[in-house]
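Take a look at the structure set out below.
These figures come from a predicted structure and were not determined experimentally. Values reported hereafter were calculated over all heavy atoms of this structure, with side chains retained and with hydrogens, waters and symmetry mates removed.
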Amino acid sequence: MNWGEIRKAVLDGKPVVLIDEGREFEADLVYPAEIASSEVVNFMLSAKGLLCLTMDMDEALERGFFPLLSKEGETNFLVPVDYSETFTGITAEERALTARKIAEGLSVKAFRYPGHLHLLGGVGLNRRRGHTESSLELMEFLGFKRYALIVEILDEEGDSHNRDYALNFAREHGLPVLTTDDVWKEFVRRKQLIRVYANARLPTRYGEFRIIAFDNELDFREHVAIVKEPYGEVPLVRIHSKCLTGDTLASLKCDCGSQLAHALMMIAQEGGILLYMDQEGRGIGLKEKIKAYELQDKGLDTVEANDALGHKADERTYEAAFQMLRALGVSKVKLITNNPAKAKALEEFGIEVVEIIPAPGEVTEHNRPYLRVKAEKLGHRLPFEV
Ligand SMILES: Nc1nc2c(ncn2[C@@H]2O[C@H](COP(=O)(O)OP(=O)(O)OP(=O)(O)O)[C@@H](O)[C@H]2O)c(=O)[nH]1
Ligand SMILES: [Mg+2]
Ligand SMILES: [Mg+2]
Ligand SMILES: [Zn+2]
């Protein structure tokens, strides 16, 4: 279903089933508060979770609603309310009325508290990837105000983490289904949160570049671009993940340092862009990478070591790389990589990968087993024998 079709279903009284795949595996029903009706609220209550109204936290505070203490990253509840002209506030009809009144933008003075409609404050999908934040973006994508009613779907046993039950529930009632990942991807496409902050000359051994730093409200990390102009309509692009040991300390355990040098040389000659991504250790961070090295010293390979530490083999994502390219006005690339996942990720966001150019790295006695594992387990296409 596209956004227009989902909007139609919603206007028809069908809440969206929003599945939190990968995070909590929870499914919530989500519905625009501004058009909440007695019927829809009554139906949502049949899902058995906690019916809440979500709104942007900043706005909730401005309007005088009271936040409850919550730990960093946890659900941000506010004191529940009833619209002042309700009787008890508990009925489906009265909760729907309270929801619509909140969506009208009335201040806290128009409500009694504590009441029967729980409130959740969203802190922005870039800061927290929960149902609360996702529901608010979803409202916006569907053309509604940023207030949603949400409720978890519990199964026969009362469990909230039953994906099949939720899908069945959706089918039975003809409800649209989305994942929080769908919402996140659309968010990344629609909202440009990375902007050029500084652009300076950077002469190097490989040639004369410019280095570009960004204001990054998407993942808040310090990625940079090293650019050689002119780079034309379809620039040569290398997305290089940080490797302190390989890039800076000349480690021979991996091929990163030599790949970086090679890419910079190519870009110096032809023009292009190197995105230097703050994604140390395939996204697990330096400390964890060194822990993984410790396990590799004991005989595990790079994938097994990540696994033993409870990490995915590769935890990188490329939303930031995509938005950096967009900030630089690039929509088509010739990508220097052996890793098909990078090309696939860019294409998902609408960047056209016109050509994939192999990224040769130096093979040493120390990195040969590592490169073999990357080819065998991580799908890398190596332009040389290992
Ligand atoms: N977790 C973990 N990360 C590693 C290990 N060895 C190298 N890395 C990291 O792997 C990443 C390699 O980045 P890239 O060279 O950009 O990516 P790639 O997947 O090799 O893909 P291409 O080089 O483009 O073919 C860097 O972040 C390194 O820090 C290891 O043994 N364990
Ligand atoms: Mg939840
Ligand atoms: Mg590499
Ligand atoms: Zn490396």
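If you check the side chains of E59 and Y147, you find a donor sitting under 3.5 Å from an acceptor. Side-chain atoms of D182 and T179 include a donor-acceptor pair closer than 3.5 Å. A donor-acceptor pair shorter than 3.5 Å can be found between the side chains of S135 and T54. When only modelled atom types and interatomic distance are considered, D82 and H116 share a side-chain donor-acceptor pair under 3.5 Å. In this structure, a donor-acceptor pair under 3.5 Å is present between the side chains of H240 and D247. No side-chain donor from either of S37 and R100 sits under 3.5 Å from a side-chain acceptor of the other. Residues T86 and R112 bring a donor and an acceptor atom of their side chains to less than 3.5 Å of each other. Between the side chains of E93 and S38, not a single donor N or O lies within less than 3.5 Å of an accepting N or O. With no hydrogens or angles considered, no side-chain donor-acceptor pair links S331 and R326 at under 3.5 Å. No side-chain donor from either of W184 and E137 sits under 3.5 Å from a side-chain acceptor of the other. Checking T245 against K289 by side-chain atom types alone, a donor-acceptor pair falls below 3.5 Å. A side-chain N or O of N76 and one of S70 form a donor-acceptor pair less than 3.5 Å apart.
A salt bridge is absent between K242 and E280; no separation between the charged side-chain nitrogens and carboxylate oxygens falls under 4.0 Å. By the 4.0 Å N-to-carboxylate-O rule, D314 lies close enough to R316 to be salt-bridged with it. Checked for salt-bridge contact, R146 and E140 meet the test: a charged N lies under 4.0 Å from a carboxylate O. A salt bridge is defined here as a Lys NZ or Arg NE, NH1 or NH2 lying under 4.0 Å from an Asp or Glu carboxylate O, and E186 with R190 meets this definition. Of the charged side-chain nitrogens involved, none lies within less than 4.0 Å of a carboxylate oxygen, so that E319 and K185 do not count as a salt-bridged pair.
Side-chain atoms of H131 come within 3.5 Å of backbone N or O of L18 as a donor-acceptor pair. Under the 3.5 Å distance criterion, the side-chain polar atoms of E133 are matched with a main-chain donor or acceptor of V123. No donor-acceptor pair closer than 3.5 Å links the side chain of E288 to the backbone N or O of G285. Proximity of a side-chain donor or acceptor of R210 to a complementary backbone N or O of V227 within less than 3.5 Å is not detected.
Atom CZ of R368 sits in a crowded spot, with more than 12 heavy atoms from other residues, nucleotides or ligands closer than 6.0 Å. Atom CD of E233 has 12 or fewer neighbouring heavy atoms from other residues, nucleotides or ligands inside a 6.0 Å radius. Around atom NZ of K377, more than 12 heavy atoms belonging to other residues, nucleotides or ligands sit under 6.0 Å away.
Taking hydrophobic clusters as Ile, Leu, Val, Met, Phe, Trp and Tyr residues chained together by side-chain heavy-atom distances below 4.5 Å, Y370 does not share a cluster with I284. Put simply, M1 and F169 are part of the same group of oily side chains (I, L, V, M, F, W, Y) that touch within less than 4.5 Å, one to the next. When hydrophobic clusters are built by joining Ile, Leu, Val, Met, Phe, Trp and Tyr residues whose side-chain heavy atoms come closer than 4.5 Å, directly or via intermediates, I239 is grouped together with V333.
Looking at F187 and L218, their side chains come closer than 4.5 Å, going by heavy atoms from C-beta outward. The closest side-chain heavy-atom distance from M44 to L51 is below 4.5 Å. You'll find the side chain of R238 reaches within 4.5 Å of the side chain of L274, heavy atoms only. Contact of the Q269 side chain with the M266 side chain is not registered, since no non-hydrogen atoms from C-beta on lie closer than 4.5 Å.
A cation-pi arrangement is absent between K101 and F111, since the terminal nitrogen or guanidinium carbon is not both under 6.0 Å from the aromatic centre and inside a 45° cone about the axis. In this structure, R7 forms a cation-pi arrangement with F144, its terminal cationic atom sitting closer than 6.0 Å to the ring centre and no more than 45° off the ring axis.
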Begin from the C-alpha positions of L178 and L138 and carry the test side chain to side chain contact (heavy atoms under 4.5 Å, CB included) through to its verdict.
CA-CA 10 Å; L178 284 171; L138 177 58; 3.5 Å; yes
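For the side chain to side chain contact (heavy atoms under 4.5 Å, CB included) with I150, the lone residue among L53, L29, L120, V16 that qualifies is L120.
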